[in-house]
Amino acid sequence: MKKIYYIFAAGLLAFTSCSDFLDVQSEGAPTTTNYFQTDQDAIDAIDACYARLSQEGVFGREIYWEQAGANEIVWGRTRGYSTLATFNYNGDESPLRDVWNNVYRQTISRANWVVNTLLKKGSLTDIERRSLGEAFFLRGWGHFIIAYRYGTDKLGVPFIRFEDFPNDYDFSIPTQQPTVMENYRLICEDMDKAAEYLPRYETYGDDDLGRAHKAAALALKAKVLAYWACWDASKWDEVIAVVNDLQQNYGRALTPNFNDNFTYDISKWYNSEYCWAIPSNGGYDGVTNGGVEFVGVSLENKGWGKYNGWGQFKPTYDIYAEFLKDGAGNARLKRSILEYGDEFQFFGETRKFFSSSDVEAGFAINKWMDVFAPEDPVAAGLVSSNGDWPTTRTNWPIIRFAELKLFRAEAYIMKGQAEQARTDIDDVRTRSGLAKIDHAPSMADIYHERLCELAFELAVDHLYDLKRWYHSGDATIKALAEKELNSHPQVRHYTNRMDSESDFTVGDYEDYTNQSRYEDGMITFPYPSAELTKANGALKNNDYWK
């Protein structure tokens with residue numbers, strides 16, 4: 001299974017023609033004249049499109065800093081961009097800027113070039129057809145990441161398709177779409193095209209597992225439609241239809257064991273719940289790092305002397321209390337969060353959790369900690385030997401069927417057909433040994449289940465859930481979202497941080513000061529100032545950030 005580890009780590013194609021996608025000045029033609037002479041050319045081109053997404057600048061960790069604006073996590077170490085936690089954005093915070101650059105200037109532009117070049121080639125080999133499907137998928141995925149974070153019903157985000165230019169892309173400034181709904185329409189078209197060209201993942205050999213596939217394209221389309229429904233409620237019908245298709249025609253279902261979604265055991269990665277994920281080897285060969293570093297980034301700083309964890313993301317008391325609504329010690333809570341005194345395996349030892357470094361929060365993320373359980377996870381190739389890039393082996397979830405079931409349940413509730421949401425909610429709960437709900441389903445159930453089922457998964461944007469729910473016509477969910485958006489996260493403060501039996505108090509997280517009250521316009525981020533300057537008036541922020 002060597003290839004699945006490196007699809008996302010590769011950077012094999014050296015074309016940079018679109019790296020300054022919004023520049024007013026053209027930068028000339030690409031240095032790719034001789035590409036797509038062989039199948040290997042197509043593979044290399046696509047691997048370069050995947051590459052930027054798993055690295056530090058996007059799903060490695062950078063896209064997660066903004067979650068401090070909600071009450072799911074706090075930063076274990078103080079950073080220089082506290083505006084991400086207080087809604088006082090300027091758009092130039094390095095995580096925002098890095099995600100923009102890596103997704104817009106790398107993933108989208110590279111995929112755009114591949115789509116255009118392969119479409120114009122005409123007759124394609126099987127590998128080239130698959131590569132074209134992957135390019136449509138990656139262009140759409142990158143476009144989605146930008147669209148929902150910067151677009152509204154009043155103004156969309158800049159995007160063009162290179163294939164729409166009759167004589168090839170002329171390096172003009174991309175058109176800013178009139179609304180984000182137009183962006184979503186284009187993304188859904190890309191997902192439909194991706195599904196047309198891509199195979200089912202079940203047909204992949206070991207060397208290609210991890211590549212985009214038909215069900216991945218449909219799953220991402222369902223998520224796009226759910227976000228689109230924030231502005232156009234008629235899209236809920238399409239959400240239901242796509243999720244039904246995935247269940248009935250693609251065999252997507254919850255895996256019986258919740259833990260199988262977060263294991264380092266490769267044999268369990270491609271289970272019935274898998275829709276799309278970033279496969280990460282975890283090891284380090286002296287040249288190539290093994291994918292997503294989030295687990296090592298979240299590990300206790302210095303890893304109790306065993307490993308160079310960075311201690312950067314920690315659960316709040318708020319999310320712990322939400323988990324407790326299902327009962328103390330429930331299986332989903334135990335898999336997701338470590339609290340003081342909880343036993344866990346770490347480098348072959350049974351330990352009781354406590355924290356000895358950085359900002360005290362009282363908890364740690366536990367979802368992926370089993371990768372550190374063996375006696376020597378570094379020697380086993382599960383964890384990078386390079387502590388400055390602490391990647392771990394995991395099939396990092398981007399979208400799994402549990403999230404899609406909750407989107408379908410949300411769709412039914414928002415359509416006024418709440419009882420039809422009961423099966424999906426109950427399925428997600430009973431899989432983790434939790435009781436079925438004993439009341440008519442409501443958006444309060446969606447709030448609870450999305451928060452607890454999908455906690456700490458980078459691609460599940462809890463902050464944006466709150467933002468889109470704040471715009472909801474449902475009074476229950478709007479009130480819950482408004483409450484969380486305008487409250488300070490709480491943490492546990494221990495009398496003796498080295499003693500798992502010590503007393504604690506619950507209080508506000510100290511670092512979040514001067515938080516602005518949430519307002520409608522904050523649903524988006526402002527664009528990086530350099531992008532506005534380069535565009536010379538062709539790119540505009542929404543009215544709130546002007």
Side-chain angles (χ1 to χ4, degrees), residues 61 64-65 67-68 70-80 82 85-86 294-377 383 387 390 392 451-452 455-456 484 487-513 515:
R61 62 167 174 156
Y64 202 64
W65 292 106
Q67 294 304 312
N71 287 353
E72 179 181 22
I73 58 104
V74 292
W75 302 340
R77 298 164 70 183
T78 301
R79 306 299 294 185
S82 59
T86 61
F294 179 81
V295 180
V297 166
S298 302
L299 179 68
E300 174 79 3
N301 194 18
K302 307 304 180 187
W304 302 283
K306 294 283 189 179
Y307 190 73
N308 187 30
W310 293 2
Q312 290 183 335
F313 302 119
K314 299 186 178 185
T316 61
Y317 180 79
D318 303 81
I319 191 168
Y320 175 75
E322 192 70 30
F323 273 102
L324 280 182
K325 292 178 181 178
D326 292 320
N330 72 76
R332 193 164 61 176
L333 166 59
K334 286 297 186 182
R335 179 66 198 207
S336 301
I337 295 177
L338 282 174
E339 63 175 310
Y340 269 46
D342 279 353
E343 290 190 348
F344 66 105
Q345 294 295 118
F346 192 71
F347 279 75
E349 298 177 355
T350 300
R351 304 181 64 96
K352 286 189 175 182
F353 172 69
F354 66 88
S355 179
S356 60
S357 63
D358 307 311
V359 175
E360 176 58 80
F363 303 99
I365 297 172
N366 191 43
K367 231 167 188 176
W368 299 272
M369 279 287 285
D370 65 353
V371 76
F372 294 108
E375 184 174 356
D376 192 341
V383 176
T392 60
L451 186 54
C452 295
F456 318 123
E484 184 172 346
S487 62
H488 290 276
Q490 299 180 95
V491 294
R492 277 183 171 176
H493 302 288
Y494 281 80
T495 303
N496 182 351
R497 294 175 59 186
M498 301 287 289
D499 179 0
S500 62
E501 306 302 324
S502 61
D503 293 332
F504 64 85
T505 58
V506 175
D508 285 351
Y509 181 61
E510 303 94 329
D511 278 12
Y512 294 177
T513 57
Q515 181 170 347

With ring centroids as reference points, do Tyr340 and Phe504 lie under 6.0 angstrom apart?
-> no
Find the distance between OG (Ser487) and CG (Asn71) and round it off to the nearest 0.5 Å.
-> 4.0 Å
Close side-chain approach of Val74 to Val359, heavy-atom, < 4.5 Å | no
Heavy-atom pair with the smallest gap, counting every atom of Thr392 and Gly296 = CG2-N, 4.4 Å
Heavy-atom pair with the smallest gap, counting every atom of Tyr509 and Gly76 | OH-N, 4.4 Å
Given Arg335 and Arg332, is the side chain to side chain contact (heavy atoms under 4.5 Å, CB included) satisfied, shown in steps?
-> CA-CA 5 Å; Arg335 179 66 198 207; Arg332 193 164 61 176; 6.0 Å; no
Rounded to the nearest 0.5 Å, the CD atom of Glu343 sits from the CZ atom of Arg351 at a distance of 12.0 Å
Can you check whether Leu299 reaches Met369 side chain to side chain, under 4.5 Å on heavy atoms?
-> yes
Are Glu72 and Thr316 close enough that a side-chain donor and a side-chain acceptor fall under 3.5 Å?
-> no
Can you tell me how far OH of Tyr494 sits from CG of Asp503, rounded to the nearest 0.5 angstrom?
-> 10.0 Å
Minimum-distance pair of heavy atoms, taken over all atoms of Asp342 and Ile337 | OD2-O, 3.9 Å
Grab the two heavy atoms, one from Pro315 and one from Ala361, that are nearest each other, plus how far apart they are.
-> O-CB, 4.0 Å
The residue among Phe294, Phe456, Trp75 that forms ring-ring contact (aromatic ring centres under 6.0 Å, His included) with Tyr64 is Phe294
Exercise: identify the closest heavy-atom pair between Glu300 and Ser356 = OE2-N, 2.8 Å
Trp368 ring center near Phe313 ring center (under 6.0 Å) | no
So CG of Leu451 and CD1 of Ile319: to nearest 0.5 Å the spacing works out to 4.0 Å
Results of ring pair (Phe, Tyr, Trp, His ring centres under 6.0 Å) for Phe323 - residues two or more places apart only = none
Lys302 and Asp358 ion-paired at < 4.0 Å = no
By side-chain hydrogen bond (donor to acceptor under 3.5 Å, both in side chains), which residues pair with Tyr307, not counting sequence neighbours?
-> none
Step by step, would you call Asn496 with Phe354 a side chain to side chain contact (heavy atoms under 4.5 Å, CB included)?
-> CA-CA 10 Å; Asn496 182 351; Phe354 66 88; over 6 Å; no
Please name all residues satisfying side-chain hydrogen bond (donor to acceptor under 3.5 Å, both in side chains) with Thr78, sequence neighbours left out, ordered by chain then number.
-> Asp511
Exercise: identify the closest heavy-atom pair between Trp310 and Gly387 = NE1-O, 3.3 Å
Residue that, paired with Glu360, satisfies side chain to side chain donor-acceptor pair (under 3.5 Å) out of Arg497, Lys314, His493 | Arg497
Taking the inter-plane angle between the rings of Tyr317 and Phe363 on a 0 to 90° scale, is it parallel (under 30°), tilted (30 to 60°) or perpendicular (over 60°)?
-> tilted
